**Student:** 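Before anything else, here's the structure in question.
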Amino acid sequence: MSSQPPSHATAPGPPVTHPNILPKAAPGQPVARSGTTTPCNPYDVDLVVTFSIAIGSGDRKVAEVEIKEGYETLLRALEGEGLRIASAAGRAGKGKEEVWVFVGGTEQVIDRLVEREKLLDQAHGLPPHSSAIPPSPATRLRLLYDLLTAPPIQDGLGITPGKGKWKRVKSIAALHDEEHDQQWVKQWTDDWTVGLLKGLDDGGRGLGEHQTPPVHLYFHFLSTYTLSLLPLSVISVLFYFFTPADSYPPLYAFALAVYSTTFIAVWRIKERKLAVRWGTRGCESVAVSRLRPEYVANSRLDELGAQGDGLSVVDAVRAGDDLKRDAKVALSVPIIVACGAMLGVVLCGIFMLEAFVSEIYEGAGKQVVPLIPTALFSLVVPQVVALFNALSGRLVYWEDHPTPVGSDKSLTAKTFAMNAIVAYLGLYLSAYVYVPFGPQIMSYVQQRMASTGQVKVAETPEKAGLGPRSESAHQHRIKAGRLKGQLFAYTVTNQVINTFLETGLPFILRFVNDWRAGKTTVKEAVKTRGHYGEDAKPASTPEEVEKRFLYKVERELALPDYRTFTDYAEMVTQFGYVTVWSIVWPLAPVFALVNNYFEIRTDALKICKHVRRPIGDRVETVGSWLHTLSIISWLGAVTSSTLIYLFRPLALMHHAAPLADADRPVEFGSAPLSHFFSAPLPALQRALPTAVPVLALALAASHAHIVLRWAIDHVAERVLWRGSAEEREVHRMREGGGAQVRERLKRTDEDRKAAAANGDGAVVDAGAGFWNGGEEGARAIGRLLKTE
């Protein structure tokens, strides 16, 4: 990359006429290229860089200098890499003015990026993969995005939107290929076997050709998880119909433990195989993965890279201060725990209001009181979670991970911890507070509220629905019904609502916004489909072609960015409901299977219609989610075993349950221990006979799960990995050849820098008329500053 490239037509100011490098198109038509040209993208635009030119409320002169210098820096950086550039005034409102800088990769640039990545992979022992020329659309976009955002020591431009000298750069976005998106969604809707019985990459140019690697891996994960639910659903239906209601059969708990550990073991090997097939095994290494420019600046690696020894930079990253980063991660744990405890206190308070206070209260507004916990949950909990998410982002930035993939893993672990508390704490409070101690708590709350004499309450806790003197069968029915109702709400009701929020609501909101802006009417919305409608007439003039293209850009830039976190979190949370809580309601896996059949299709629709086109780095695993699944599987074994004890048969419960006879004296193993737990702690004295067996059973279940997991992992490795083609490929990867490849890679970089210094490779597609360099953007800036 040249720091001072020669002046071209893409530099700010009046454009300079260049000879046509590509053949002129027919009148009214864009130039056809071998890249990503489609009717919806007639100019073969790869990326759109949004540059803010809003003056703001600060110093006007400083803002003017900042805009001019920032725009010139951006254009010179892009043209220095030989990229095609065009610009246009954005369509944001007053005070949000912006310029759209369109970036297109020439064939020379794309070929160079493909060859360099291939050499880099070979130098660091990555498995061979297809490096087709021209590359797939997804690979093309990823390589160009890496070129723009990688730090200079990795031969990138180091553009960091919103930070440093790039703070006027708002975003870097890719445009949807609407023709392919339509075909992809149609494939999902027309063939029910896709994603289940038929592979995601069948038919040549499949999912991996057009979607970024994280999306590609997510859909494989979702497909594998959905398929795994098929046998579990059959087993669950058999237990539901052929065992007594609310019996909590131990055999079914064992089946759940086997299912969860088997799925995790199978997926661990499958993602390993996919990484070898896709050539991404080892791509998350700091030697290959894109480094964060912030990390490079903080570690002063840019100074080391200026010495020209790229391998020294890699060694410096590998030998970086991991201990310091690990210490920061460790210091963030107490903060996460404190935030989790704060959220837990809020949820416990809401639980007490919902489970006890609202049942006992008999005063004015009794019909409204049960709605208060729901209102508090809707108003308070999202605020606490949002506060924690913002804090998590700051903690991850402070930890300063070398790669974006590492930062995402750390952020995932932190944010999902809070999401898990929201998802599961209510069920755990019902299972381990309401079930064993509900009658006593109800009695205590009733006495405390009645003692004030100012609140009208039920005369006895039994009249409120649950008390110490309630019949055992009645208690069992109420407790089991509460757990079952909660699980139904989480696994069925919430998922239906989430599906509407992901797919239906964005259509409605987009129509309302367009209608309010006067861009559409109800009649037009019904008549047209897609961005311009399948039935729209083809554009007949160059002006109409450009108008439609800019309208497409405007709509897509208004969409939110896509992150796989939300979709992974939804599926992992559902896995927890199935694995941990299915023993409460065995039909949960069946509804999860039905939901996932539609989920895999609605996610495809969401990615095509409701978010910006995803761009991301190569990945080889699902990251922190695999560890999260393992923790959930362990929790499932512990929870199922303890619930079996708490809901043991009524006859046994009637004779042995200590809570059914609160006045019976409890004796412990020794006289001093019995004396210690006597009069001073009556509540603890009543609770221990239930808590001690539960804890002992949980400990035994935990150890049993460890043994089961070891056995299943061992069998899976022997059956699915040993002797496979992927394993043989991994062994071949470890053989030599790296030194010669590194030398070729070094020569390639030197040739590229020399070409950039001589001005070679800067191609301007003047024949198309669209690639005007920075001309339109410079005019927009001039008009704004003149008006101001």
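In this text the structure is predicted, and so the values were computed from the model without any measurement.
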**Student:** Applying side chain to side chain donor-acceptor pair (under 3.5 Å) as the test, list every pair that has at least one member in residues 227-240; sequence neighbours left out.
**Tutor:** Ser228-Tyr259, Ser236-Tyr252

**Student:** Can you find a side-chain donor-acceptor pair between Asn596 and Gln574 that sits under 3.5 Å?
**Tutor:** yes

**Student:** Kindly write out the residues that satisfy ring pair (Phe, Tyr, Trp, His ring centres under 6.0 Å) with Tyr145, not counting sequence neighbours, or none if the list is empty.
**Tutor:** none

**Student:** Which class fits the ring pair His180 and His210: parallel under 30°, tilted 30 to 60°, perpendicular over 60°?
**Tutor:** parallel

**Student:** Could you state the interatomic distance from OG1 (Thr602) to CG (Asn595), rounded to the nearest 0.5 Å?
**Tutor:** 7.5 Å

**Student:** Should Leu593 and Thr226 count as side-chain neighbours, where that means a heavy-atom distance under 4.5 Å?
**Tutor:** yes

**Student:** What donor-acceptor contacts under 3.5 angstrom involve side-chain atoms of residues 623-630, with partners at least two apart or in another chain?
**Tutor:**
{"from": "Ser624", "atom 1": "OG", "to": "Lys409", "atom 2": "O", "distance (Å)": "3.0"}
{"from": "Thr628", "atom 1": "OG1", "to": "Ser624", "atom 2": "O", "distance (Å)": "3.0"}
{"from": "Ser630", "atom 1": "OG", "to": "Leu626", "atom 2": "O", "distance (Å)": "3.2"}

**Student:** Would you please say whether a donor-acceptor pair under 3.5 Å links the side chains of Trp184 and Gln182?
**Tutor:** no

**Student:** Can you list everything that forms a salt bridge (charged side-chain N to carboxylate O under 4.0 Å, His left out) with Lys273? Sequence neighbours excluded, please.
**Tutor:** none

**Student:** Give me the atom names and distance for the closest heavy-atom approach of Pro373 to Ile350.
**Tutor:** O-CG2, 3.6 Å

**Student:** Salt-bridged, Glu726 to Arg272, with N to O below 4.0 Å?
**Tutor:** no

**Student:** Show the nearest heavy-atom pair for residues Pro614 and Tyr562, with the distance to one decimal.
**Tutor:** CG-CD2, 3.8 Å

**Student:** Restricting to ring pair (Phe, Tyr, Trp, His ring centres under 6.0 Å), what partner residues turn up for Trp581, sequence neighbours left out?
**Tutor:** Tyr428

**Student:** Taking atom types as modelled and ignoring hydrogens, do the side chains of Lys414 and Ser410 form a donor-acceptor contact shorter than 3.5 angstrom?
**Tutor:** yes

**Student:** Using every non-hydrogen atom in the two residues, find where Ser260 and Thr579 come nearest and quote the distance to one decimal.
**Tutor:** CB-CG2, 3.5 Å

**Student:** Do the non-hydrogen side-chain atoms of Thr50 and Val169 ever get within less than 4.5 Å of each other?
**Tutor:** no

**Student:** Can you measure from OG1 (Thr212) to CG (Leu141) and round to the nearest 0.5 angstrom?
**Tutor:** 8.5 Å

**Student:** Quick one: do Tyr43 and Phe102 satisfy ring-ring contact (aromatic ring centres under 6.0 Å, His included)? Show the steps, please.
**Tutor:** CA-CA 10 Å; Tyr43 305 109; Phe102 304 105; 8.4 Å; no

**Student:** Can you run down the ring-ring contact (aromatic ring centres under 6.0 Å, His included) pairs that involve residues 597-622, sequence neighbours left out, and say none if there aren't any?
**Tutor:** Phe507-His610

**Student:** Rounded to the nearest 0.5 Å, how far apart are SG of Cys339 and CE of Met418?
**Tutor:** 5.0 Å

**Student:** Heavy atoms only: give me the nearest Ala423-Thr573 pair and the separation to one decimal.
**Tutor:** CB-CG2, 3.7 Å

**Student:** Ring centroids only, cut at 6.0 angstrom: are Phe565 and Phe416 within range, meaning strictly under it?
**Tutor:** no

**Student:** Tell me, please, which residues at least two apart from Asp181 pass salt bridge (charged side-chain N to carboxylate O under 4.0 Å, His left out).
**Tutor:** none

**Student:** Answer whether the closest heavy-atom distance between the side chains of Arg292 and Ser407 falls below 4.5 Å.
**Tutor:** yes

**Student:** Without hydrogens or angle criteria, can the side chains of Ser171 and Arg612 be said to hold a donor-acceptor pair below 3.5 Å?
**Tutor:** yes

**Student:** Would you mind reporting whether Leu47 and Ile615 have side-chain heavy atoms less than 4.5 Å apart?
**Tutor:** yes

**Student:** What distance separates Glu284 CD from Arg290 CZ, expressed to the nearest 0.5 Å?
**Tutor:** 13.0 Å

**Student:** Is any NZ, NE, NH1 or NH2 atom of the basic residue among Glu117 and Arg142 found under 4.0 Å from an Asp or Glu carboxylate oxygen of the other?
**Tutor:** yes

**Student:** Do Ser430 and Arg482 have a side chain donor and acceptor closer than 3.5 Å?
**Tutor:** yes

**Student:** Flag the pair Thr280 / Pro213 as yes when at least one side-chain heavy-atom distance between them is below 4.5 Å, and no otherwise.
**Tutor:** no

**Student:** So do the side chains of Leu483 and Leu487 get within less than 4.5 Å of each other, counting heavy atoms only?
**Tutor:** no

**Student:** Applying side-chain contact (heavy atoms from CB on, under 4.5 Å), can you list everything that pairs with Lys270, at least two apart in sequence or on another chain?
**Tutor:** His220, Thr224, Trp267, Leu274

**Student:** Consider ring-ring contact (aromatic ring centres under 6.0 Å, His included). Of Tyr490, Trp585, Tyr577, which one does Phe591 pass it with?
**Tutor:** Trp585

**Student:** Could you tell me which non-hydrogen atom of Ser640 sits nearest to which non-hydrogen atom of Ala253, and how far apart they are?
**Tutor:** CB-CB, 3.8 Å

**Student:** Check for a donor-acceptor pair, side chain of Thr261 on one end and backbone N or O of Val258 on the other, with a separation under 3.5 Å.
**Tutor:** yes

**Student:** Considering residues at least two apart in sequence or located in another chain, which fulfil the salt bridge (charged side-chain N to carboxylate O under 4.0 Å, His left out) criterion with Arg563?
**Tutor:** none

**Student:** Side-chain contact test, heavy atoms from C-beta onward, threshold under 4.5 Å: evaluate it for Tyr424 versus Leu635 and give yes or no.
**Tutor:** no

**Student:** For the OG1 atom of Thr564 and the CG atom of Leu222, what is their distance to the nearest 0.5 Å?
**Tutor:** 12.5 Å

**Student:** Evaluate the side-chain contact (heavy atoms from CB on, under 4.5 Å) criterion for residues Leu395 and Leu411: first the C-alpha distance (whole Å), next the side-chain angles of each, then the deciding distance (0.1 Å), finally the verdict.
**Tutor:** CA-CA 9 Å; Leu395 289 174; Leu411 184 62; over 6 Å; no

**Student:** Hey, are the side chains of Val422 and Leu343 touching, using non-hydrogen atoms and a 4.5 Å cut-off?
**Tutor:** yes

**Student:** About how many Å separate CD of Gln486 and OG1 of Thr493, when rounded to the nearest 0.5 Å?
**Tutor:** 12.0 Å

**Student:** For Phe263, check ring pair (Phe, Tyr, Trp, His ring centres under 6.0 Å) against everything at least two apart and list the hits.
**Tutor:** Tyr225, Phe575

**Student:** Does the pair Glu620/Arg281 count as a salt bridge with the N-to-O cut at 4.0 Å?
**Tutor:** no

**Student:** How far apart are the closest heavy atoms of Ala265 and Ile712, and which atoms are they?
**Tutor:** CB-CG2, 4.0 Å

**Student:** Which is it for Lys170 and Glu98 under the salt bridge (Lys or Arg N to Asp or Glu O under 4.0 Å) test, yes or no, and what are the steps along the way?
**Tutor:** CA-CA 9 Å; Lys170 297 170 63 176; Glu98 60 189 22; 2.7 Å; yes

**Student:** Please assess Phe351 against Leu425 for the test side-chain contact (heavy atoms from CB on, under 4.5 Å), listing each intermediate value before the final yes or no.
**Tutor:** CA-CA 10 Å; Phe351 169 78; Leu425 185 59; over 6 Å; no

**Student:** Using distance alone, with no hydrogens and no angle criterion, decide if His705 and Ser633 have a side-chain donor and acceptor under 3.5 Å apart.
**Tutor:** yes

**Student:** Which residues pass the side-chain contact (heavy atoms from CB on, under 4.5 Å) test with Val237, sequence neighbours left out?
**Tutor:** Phe241, Leu587, Val590

**Student:** Which side-chain N or O atoms in residues 376-389 pair as donor and acceptor under 3.5 Å with protein atoms at least two apart or in another chain?
**Tutor:**
{"from": "Ser378", "atom 1": "OG", "to": "Thr374", "atom 2": "O", "distance (Å)": "3.0"}
{"from": "Asn389", "atom 1": "ND2", "to": "Val385", "atom 2": "O", "distance (Å)": "3.4"}

**Student:** Given salt bridge (Lys or Arg N to Asp or Glu O under 4.0 Å), test Arg613 with Asp177 step by step and report yes or no.
**Tutor:** CA-CA 9 Å; Arg613 185 171 184 173; Asp177 183 347; 5.4 Å; no

